[in-house]
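Naming: A, B, ... by sequence-line order, numbering from 1 per chain. Predicted, not measured: the structure shown is a model, and the values here were computed from it. As a basis for the values below, the full set of heavy atoms in this structure was taken, side chains included, without hydrogen atoms, waters or symmetry mates.
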2 protein chains.
Amino acid sequence: MTGAARALARCDELGRISARQDALERTHLSPEHAAADAVVAGWMREAGLTTHLDPAGNRIGRREGARPSLPALVLGSHLDTVPDAGRYDGMLGVVLAIEVADRLRHESLPFAIEVVGFTDEEGTRFGDALFGSRAFAGGLEPGRLDASDAEGVTVRAALEAFGLDPGRVGEAARRPEELVGYLEVHIEQGPELLDAGRPLAVVSSIAAARRFDLEVTGRAAHAGGAPYARRRDALVGAAEIVVAVERIAKATGTVATVGRIRAEPGGVNVVPGRALLSLDVRAERDEGRDEAVGRIDAAAREICAARHLGWHLEERYRADAVVCDPALTAAVAAGVAAATGQEPPRLFSRAGHDGMAVAAVTGIGMLFVRCGNDGVSHSPDETVDEGDVGLALDAFEAAVRRLAAERG
Amino acid sequence: MTGAARALARCDELGRISARQDALERTHLSPEHAAADAVVAGWMREAGLTTHLDPAGNRIGRREGARPSLPALVLGSHLDTVPDAGRYDGMLGVVLAIEVADRLRHESLPFAIEVVGFTDEEGTRFGDALFGSRAFAGGLEPGRLDASDAEGVTVRAALEAFGLDPGRVGEAARRPEELVGYLEVHIEQGPELLDAGRPLAVVSSIAAARRFDLEVTGRAAHAGGAPYARRRDALVGAAEIVVAVERIAKATGTVATVGRIRAEPGGVNVVPGRALLSLDVRAERDEGRDEAVGRIDAAAREICAARHLGWHLEERYRADAVVCDPALTAAVAAGVAAATGQEPPRLFSRAGHDGMAVAAVTGIGMLFVRCGNDGVSHSPDETVDEGDVGLALDAFEAAVRRLAAERG
């Protein structure tokens, strides 16, 4: 059995460890978490790793480098799922990390290898995401242990029931000097590689995002009585803004979406006096995101001025980009080139990943594997191709070897 | 006291006959209807008219022409109101018709003069409009007597309580050969004369209208995962259609309004898979209306094809234009020219009027009087200028004299 075939068989096996018969759902500190953790720990031991559960519930397997206590190159992803999940989001990265550790078990490396199966990347049970990787990076928010699930069980109580000490979660935090960097393989969760006909991509950053509420104000009037010279139609202004949002996002290489819109008062025969819209902007870098927002704001201001409309934009959410480490990214790119014979495309990740949290304690590098099925994810329809998974495994191994050679 | 001053004082007097202390509301077959009817009947008698209540509740005053039983030129408007109404919508046309009859009381005319105060133009109490004028024109819909008000009182019961026989409402219908035509003075209910700095306008037609539900279908997708090449964003397509609606309406001299819009599924971070819109189109003529609708449909079809979106348009309402009679309109225009020394502007009425119903039995002509206060109507803020009312009265009288001369 090839490493890729074994990795996919292990994804299938993990995919059967679910809280539901009809769908895959495996949440933080649940009985299924414990079951999956035990299975993964066994695979780690088979790969020659010494393993322990950290105080936050992350499963860690380690093999020392050429000397004991060298800093560790961390390979991993997450073991928890969304409700009605696919089998590859997270799990593929963990099982491939185990395969890489297995392939390198007889090598003498200038760093330790650690494989991490993070818990609670998705935040399905307690509402907020990245519990495991934030704890690993020493960035767990105060009060996070007091969050509770739909049944009113707090994280604190759930940790105890899982056999962990809530007072010791802080001890999951790693120090920067213990770490060389973090590498993660993940399915793309989008169709870009599928469209490009390429199996793998190097991730340049995890997206910068901002969200806004937009308001356009005009004057409501009777659709019969109001001639055009008198109209201040908030919806026509808003429509011009929706069109401008798309144009500006394309021009700036970002993506921007208006997902909600409402016209008030909303009568069939009333010229709208007010329009309310949402705006979601995502970009590879903070500057690109902020440039797109600035241009959208300026265009909307101009559209509204020309139509004698009022304009207001209110920020609701902001996440800065996490830029991947140049040296780790170069190693990943070289690994992909070695495995596929081609320079890989570079994508930015529009979804969040454990690396966003891990970047607070060490540099990160990421490799995306092509999704089948139109790029669908967070769905039982998630698919990957075994050939692609084989290339990902080869590229991942080559990247680690290159980092070893650079440090050796 | 001038005729204009007396007409305005009478509007004030009618404005005090209301079901509410704090606002003007006078509905079909109500006690206030009876009170206003009695007052108007008195004014008709003072103007030398013989008066009766017709079987539908319309107040009619008549003076014979040079010989008994000549066909009648009908002058009028309505006496009922919307809730929280102004004092001039309808009433001004009735009191000016009485003034014209008074001015002509000693003339020998080649037609009888009838002044009509129609009931229930607005449809406030029983939900459907133009009860009085439809009955007058013989076009009352079957089943109309079974409609009921908010208290469950049917039109039938209300007619009886008012002292009218529901079985005889059909006798309100007039025969075409009894009538010369119908002339109505009405406030504009819009700002066009105010903006043009002109006191009076000739009405060319009562608007043609159509209403539609529009549906744009694309594909919902995650705002993060979906690159532009993959997006089929129903809302961006809908926004282009909203902008096109305005452009096409202006180009075709019509007015078109999107008053409602909804994006589905409506998540802040979801590319809309479906957009639902309303469309209201009004035009002077049916052909203009239908051309605008055709061009909007074609533009939307093109927009949606370019974006790989589905497009569906479903008609919800249609009213054909009622075009004013050329000879009556020429008489009104000549009357305005005589009164003001200027050729009047021609407007089409975007609101409905009794003339829409009366046109089924005889030709109609209409004169608009400038509204003050930004053209507001259906509001206690309705205003007219006494000077404008004087010009309207002179123009109305001159129009009737001109028709008499033409027939004489």
Could you go through A:Leu92 and A:Ser77, starting from their C-alpha distance and side-chain angles, then the distance that decides it, and tell me whether this counts as side-chain contact (heavy atoms from CB on, under 4.5 Å)? CA-CA 8 Å; A:Leu92 182 68; A:Ser77 190; over 6 Å; no
Looking at A:Ala263, A:Ala229, A:Gly375, A:Gly190, which makes the most heavy-atom pairs under 4.5 Å with chain B? A:Ala263
Assert top hit (heavy-atom pairs under 4.5 Å, partner chain B, pool A:Ala221, A:Gly266, A:Ser278) equals A:Gly266
So with a 6.0 Å cut-off around CZ of B:Arg262, is the heavy-atom count from everything else above 12? no
Does CD belonging to B:Glu302 count more than 12 external heavy atoms closer than 6.0 Å? no
Intermediate values then yes/no, side-chain contact (heavy atoms from CB on, under 4.5 Å), A:Asp89 and A:Glu122: CA-CA 10 Å; A:Asp89 172 3; A:Glu122 304 284 7; 3.0 Å; yes
Choice from B:Leu279, B:Val270, B:Val258, B:Leu277 maximising heavy atom contacts with chain A below 4.5 Å: B:Val258
Could you tell me which of A:Gln189, A:Arg350, A:Lys250, A:Arg230 has the largest number of non-hydrogen atom pairs under 4.5 Å with chain B? A:Arg230
Top of A:Ile261, A:Val242, A:Ile241 for chain B proximity - count of heavy-atom pairs under 4.5 angstrom: A:Ile261
Highest number of heavy-atom pairs under 4.5 Å with chain A: which of B:Gly259, B:Pro272, B:Ala234? B:Gly259
When every non-hydrogen atom of B:Cys371 is compared with those of B:Glu188, the smallest separation belongs to SG-N, 3.8 Å
Contacts of A:Glu382 that satisfy salt bridge (charged side-chain N to carboxylate O under 4.0 Å, His left out) - sequence neighbours left out: none
Is the closest side-chain donor-acceptor distance between B:Asp84 and B:His378 under 3.5 Å? no
With chain A, which of B:Val243, B:Val376, B:Val245 has the greatest number of heavy-atom pairs at distances under 4.5 Å? B:Val243
Search all heavy atoms of A:Ala283 against all heavy atoms of A:Phe348 and return the closest pair with its distance. C-CE1, 3.6 Å
For A:Asp374, is it the side chain, the backbone, both or neither that has a heavy atom under 4.5 Å from a heavy atom of chain B? both
Options B:Asp280, B:Asp233, B:Val268, ranked by heavy-atom pairs under 4.5 Å with chain A, top entry: B:Val268
Is any side-chain N of the basic residue among B:Arg231 and A:Glu246 closer than 4.0 Å to the acidic one's carboxylate O? no
Quick check on A:Arg282 against chain B: is it the side chain, the backbone, both or neither that has a heavy atom closer than 4.5 Å? side chain
Check whether B:Arg232 reaches the backbone of B:His308 with its side chain - one donor and one acceptor, N or O, closer than 3.5 Å. yes
Residues of residues 193-208 of chain B with any heavy atom under 4.5 Å of a heavy atom in chain A: B:Leu194, B:Asp195
Flag the one option from A:Ala256, A:Ala351, A:Ser377 with the top tally of heavy-atom pairs under 4.5 Å to chain B. A:Ala256
Could you tell me whether A:Glu284 and A:Arg346 have a side-chain N and a carboxylate O separated by less than 4.0 Å? no
